[in-house]
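Here's the structure, in C-alpha cells; my notes come after.
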Amino acid sequence: MRRSITTTVTVVAGLVLIVDLLVVNPSLGAIATALQELLVLLAAAAAVGGAASLAAHHLRIVAQGTSDRLGSFVLLVGMGVILVAGLRPGSSGSSDPIVLWLVAAVLVPIAASLFALLFLFLLAAARRGLVTGGTEMILLLATSGVVVMLLLPLGGKAGEWLAAGAGWVETVPLAGVFRGLLIGVAIIASLTASRILLGIDRDDE
Amino acid sequence: MPSLGLLLVLALASLLPASDAVQLANPDATRSDELRGVVAGLPPNALVLVGFDPDLGTYGEIRATVRAALDDLIAHGARLAFVSFTPEGRALAAAELDRMRRAGQGALIADLGFVAGSEAGLVRSVADVVPADAVGAVADSIRARGGAMGAFTLVLVVSGGDLSARSWIEQVRPRLPSISLVAIAPTFLEPELAPYLRSGQLHALLATLRDGVAYANAVPVDQSAVTRRPISALPMLAGMLLALTLMGGSALRRLARGAPRGAG
C-alpha cells in the first residue's frame, strides 16, 4: 500500500476534525482549532499567490504588448488602487472608507451592469441555439420557455394559476431532480473522502 | 439593433405606471409570513447576525428583499452585525453598510468585516466572531455576551453561489444547535435549501423573486430611512414577453427551414 505524505496529512487532519465534532475534549478542540487556523492561513496564502500570479501575467502582457495591453493595464491600475487604499499607512484595511467607497461606487455598479447584460447575451444565445442547435438544445430551450411562461407576473385568476404551476414545477420535478443530483454527488464525495481517509490508492484496486 | 429595441422597450415599460393586471408578488404569502413571524417574535434590542455572502451575479434578484428584511429587523428594534466569508459578499456588504450609514442607521449596525477561509473561517467564527478592531455600541454588546455566535438571537444568511445557508446549517448548527437561522437566497438555491426549511433547520426562507416581492410589499416603508424602491413588474413582464416572442420567432424559422444537417 503506497501512502504519500499528502494522504497521511489528509487522514490525520480529517480524523482530528471529525473526532472533534463527535467528542467534547478541550485538548482535541485546541488541535482542531489550530488546524482550522492553518486552513484559513493556507486559503489566504492561496489568494495572495493567485493575485500575484495574475499581476505577473498582466505585467508580462503590458511589457510585451502581445494582446490586450489596455485591458491588462486597466486591471493592474485597479489592483494597485485597491492595494494602496487598503495598505497605505493609517488605513484600516478592507474596512477603510476609501476601500468601501471604491467598492460601493465603482466595483459593485460595474459588476451589476455586466451581469445585467447577461439577459441580452442569453437571449441571443437562445435564438442561435434554436436556429442551429440539436434536439437537446431545443428541449432545453422549450422547457425554459415553459418556465418563463409560468413565471409571467400577471395578476388576477390567471396569475394565481401560473403562480401555482410555477410552485408545482419548483417543488416537484425541479426539486426531485436537484435532490437526486445532490444525493448522488454526496455519495460520490463520501466514497472519495472515505478512500482518502482509509488510505486506499488506485494501486490497491 | 434588436438589443437596442429591447432596451428601449424595457426603458419605456419602467416609466409606465403600475397596474393591477401585472403582479409580481406570490399570491401565496406563506414564506413571506414565516419570515415576518420570526422577525416579529424577536425580543427588544435583539442582536442579529447577518451572514452576508451573496454573489455579484445574483444579488440583483434578492437586493430588494434583503433591504426589506434589514428595514424590517431595524423596525422591530434589532441591532445588526454584518460578517462575510466570501470576497464578493464582503464587497456587497460594504456597499449595503455604506447605504445604511448614509440612511442614519449607523448606530444600529456593526461591521464585523471579512473572515478568510470560507467554511473554515465560518467554523472559526463560531467561537469568536468579533474582530479586535471592531468598535461601536453593537460590537461592545456582542463582546459583553461573549463575542461568539451564541451571542446572537437570530442569524440572517444572505446566500450566494459560493457560500449559502447550507454551509451554515452543516458547519454552525452542529456546533451551536440552539442557533436560529433564516435565509434569503436567489432562486437557483431554492431546491437546495427548501428541505432544510421543511426539517425545521431553517426557520424561514425566501428563495424566489415572487416570495421576496411578497415580503418586501408586506414590510412597511420607513420614510425616515432611505426609501426602498418597489420592484416594478411591468418591465419584467415586457422583457419576458419579448424574450418569448423572439424565441418563438426563431423556433418558427427553424421549423420552416427543417432540422440542420447532422443535428440531434
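Chain letters run A, B, ... following the sequence lines, proteins first and then strands; every chain starts at 1.
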Heavy atoms, side chains only, cut-off 4.5 Å: are Leu107(A) and Glu88(B) in contact?
-> no

The interface call for Leu17(A) against chain B, heavy-atom contacts under 4.5 Å, is neither

Okay, Val103(A) and chain B: the region with an atom under 4.5 Å from a heavy atom over there is side chain

Whatever's closer than 4.5 Å to a heavy atom in chain B on Glu170(A) counts as side chain

All heavy atoms of Ser144(A) vs all of Met247(B), minimum pair found to be OG-CE, 4.1 Å

So, do Arg179(A) and Pro191(B) sit near enough that their side-chain heavy atoms are less than 4.5 Å apart?
no

When the 4.5 angstrom heavy-atom criterion is applied to Thr208(B) and chain A, the contacting part is side chain

Whatever's closer than 4.5 Å to a heavy atom in chain B on Ala43(A) counts as side chain

Self-check item: Contact check, side chains of Leu39(A) and Val123(B), non-hydrogen atoms, under 4.5 Å
Solution: no

If one checks every heavy atom of Leu56(B) against chain A at 4.5 Å, the contacting part turns out to be both

Between Phe119(A) and Gly239(B), the two heavy atoms sitting closest are CZ-O, 3.7 Å

For Arg254(B) and Ile138(A): C-alpha separation, side-chain torsions, deciding distance, then whether side-chain contact (heavy atoms from CB on, under 4.5 Å) applies. CA-CA 10 Å; Arg254(B) 163 73 176 265; Ile138(A) 304 288; 3.3 Å; yes

Nearest heavy-atom approach of Leu152(A) to Arg210(B) is O-NH2, 3.0 Å

Bottom line for Glu96(B): the part with an atom under 4.5 Å from chain A's heavy atoms is neither

Scored by heavy-atom pairs under 4.5 Å with chain B, the best of Arg128(A), Gln36(A), Met149(A), Met137(A) is Gln36(A)

Any side-chain heavy-atom pair from Leu237(B) and Leu154(A) closer than 4.5 angstrom? yes

Closest non-hydrogen atoms of Arg198(B) and Thr171(A), given as atom of the first, atom of the second and distance, are NH2-CG2, 4.2 Å

Most contact-rich option vs chain A, by heavy-atom pairs under 4.5 angstrom, among Ala95(B), Ser250(B), Gly117(B), is Ser250(B)

Problem - Within-4.5 Å side-chain heavy-atom neighbours: Pro27(B) and Glu160(A) - result: yes

Looking only at Ser92(A), Gly155(A), Ala104(A), most heavy-atom pairs under 4.5 Å shared with chain B are made by Gly155(A)

Turns out that what part of Leu182(A) lies under 4.5 Å from chain B's heavy atoms comes down to side chain

When the 4.5 angstrom heavy-atom criterion is applied to Asp111(B) and chain A, the contacting part is side chain

Of Ala175(A), Ala163(A), Ala166(A), the largest count of non-hydrogen pairs under 4.5 angstrom with chain B goes to Ala163(A)

Ala116(B) and Val40(A) have their tightest heavy-atom pair at O-CG1, 3.4 Å

Working for side-chain contact (heavy atoms from CB on, under 4.5 Å), residues Val148(A) and Leu244(B): CA-CA 8 Å; Val148(A) 170; Leu244(B) 284 171; 3.9 Å; yes

Answer key: most heavy-atom pairs under 4.5 Å with chain A among Met236(B), Arg175(B), Glu119(B) is Arg175(B)

If one checks every heavy atom of Leu10(B) against chain A at 4.5 Å, the contacting part turns out to be side chain

- Message: Could you go through Leu100(A) and Leu97(B), starting from their C-alpha distance and side-chain angles, then the distance that decides it, and tell me whether this counts as side-chain contact (heavy atoms from CB on, under 4.5 Å)?
- Response: CA-CA 9 Å; Leu100(A) 294 182; Leu97(B) 287 165; 6.0 Å; no

Checked Leu118(A), Leu141(A), Leu151(A) vs chain B; the most non-hydrogen pairs under 4.5 Å come from Leu151(A)

Bottom line for Ala21(B): the part with an atom under 4.5 Å from chain A's heavy atoms is backbone

Turns out that what part of Ala111(A) lies under 4.5 Å from chain B's heavy atoms comes down to side chain

Note: Met240(B) and Pro153(A) closest approach over all heavy atoms is SD-CD, 3.7 Å

